[in-house]
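Keep in mind that what you see is a predicted model, and the values were worked out from it rather than measured.
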Amino acid sequence: DSVASRGLGDVYKRQALSDGEVRAVDKDNKSITLKHGRIKSSTVEMSPMTMQFAVKDKILLSNVKAGDKVKFTVENIEGTATVTVLSVQK
């Protein structure tokens, strides 16, 4: 087990993706409502629920719509649970 492989493992844990379904997209307010399973990232741990999240970058919302299945990461940014990674699943 090398230092490099341990480092990659840490990066992977920080970027662990959660599964969700998009319920609503609000591009004007940079937010997304997701029905999601358990979330565990480096800064957020949350039980399954449906809730609205802030989005770090409006570009993340450009190709997503209600009903889409997504993989995402949520991090605590200045006290707000914020989607930092969002990928639509085909």
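Results of the salt bridge (charged side-chain N to carboxylate O under 4.0 Å, His left out) test with E21 over K71, K69, K35 single out K69 as the only residue that passes.
Side-chain contact check for K30 versus K27: every heavy-atom pair is 4.5 Å or farther apart. The side-chain heavy atoms of M51 and H36, taken from C-beta on, include a pair separated by under 4.5 Å. Looking at I39 and F72, their side chains come closer than 4.5 Å, going by heavy atoms from C-beta outward. You'll find the side chain of V22 reaches within 4.5 Å of the side chain of L34, heavy atoms only. Contact annotation: the side chain of N76 never approaches that of T82 to less than 4.5 Å [non-hydrogen atoms, C-beta and beyond]. Looking only at side-chain heavy atoms (C-beta outward), Q52 and I32 stay at 4.5 Å or farther from each other.
The shortest heavy-atom contact between V74 and S41 is O-OG, 2.6 Å. The two atoms that bring A54 and T80 nearest to each other are CB-CG2, 3.9 Å, heavy atoms only. Closest of all the heavy-atom pairs between V25 and V64 is CG2-O, 3.8 Å. Here the closest non-hydrogen pair linking A81 and M46 is CB-CE, 4.4 Å.
Of the possible donor and acceptor atoms, one in the side chain of D68 sits under 3.5 Å from a partner among the backbone N and O of K65.
For the residue pair T43 and E75, a side-chain donor N or O sits within less than 3.5 Å of a side-chain acceptor on the partner.
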Inset, instruction - Show your reasoning for whether side-chain contact (heavy atoms from CB on, under 4.5 Å) applies to I77 and T84. - result: CA-CA 9 Å; I77 299 177; T84 58; 3.8 Å; yes
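Looking at E45 and R38, a side-chain N of the basic residue comes within less than 4.0 Å of a carboxylate O on the acidic one, giving a salt bridge.
Following chains of ILVMFWY side-chain contacts shorter than 4.5 Å, one cannot reach V70 starting from V85, and the two form parts of different hydrophobic clusters. In the hydrophobic cluster analysis, where Ile, Leu, Val, Met, Phe, Trp and Tyr join through side-chain heavy atoms closer than 4.5 angstrom, L60 is grouped together with V88. Following chains of ILVMFWY side-chain contacts shorter than 4.5 Å, one can reach M49 starting from L86, so the two form part of one hydrophobic cluster.
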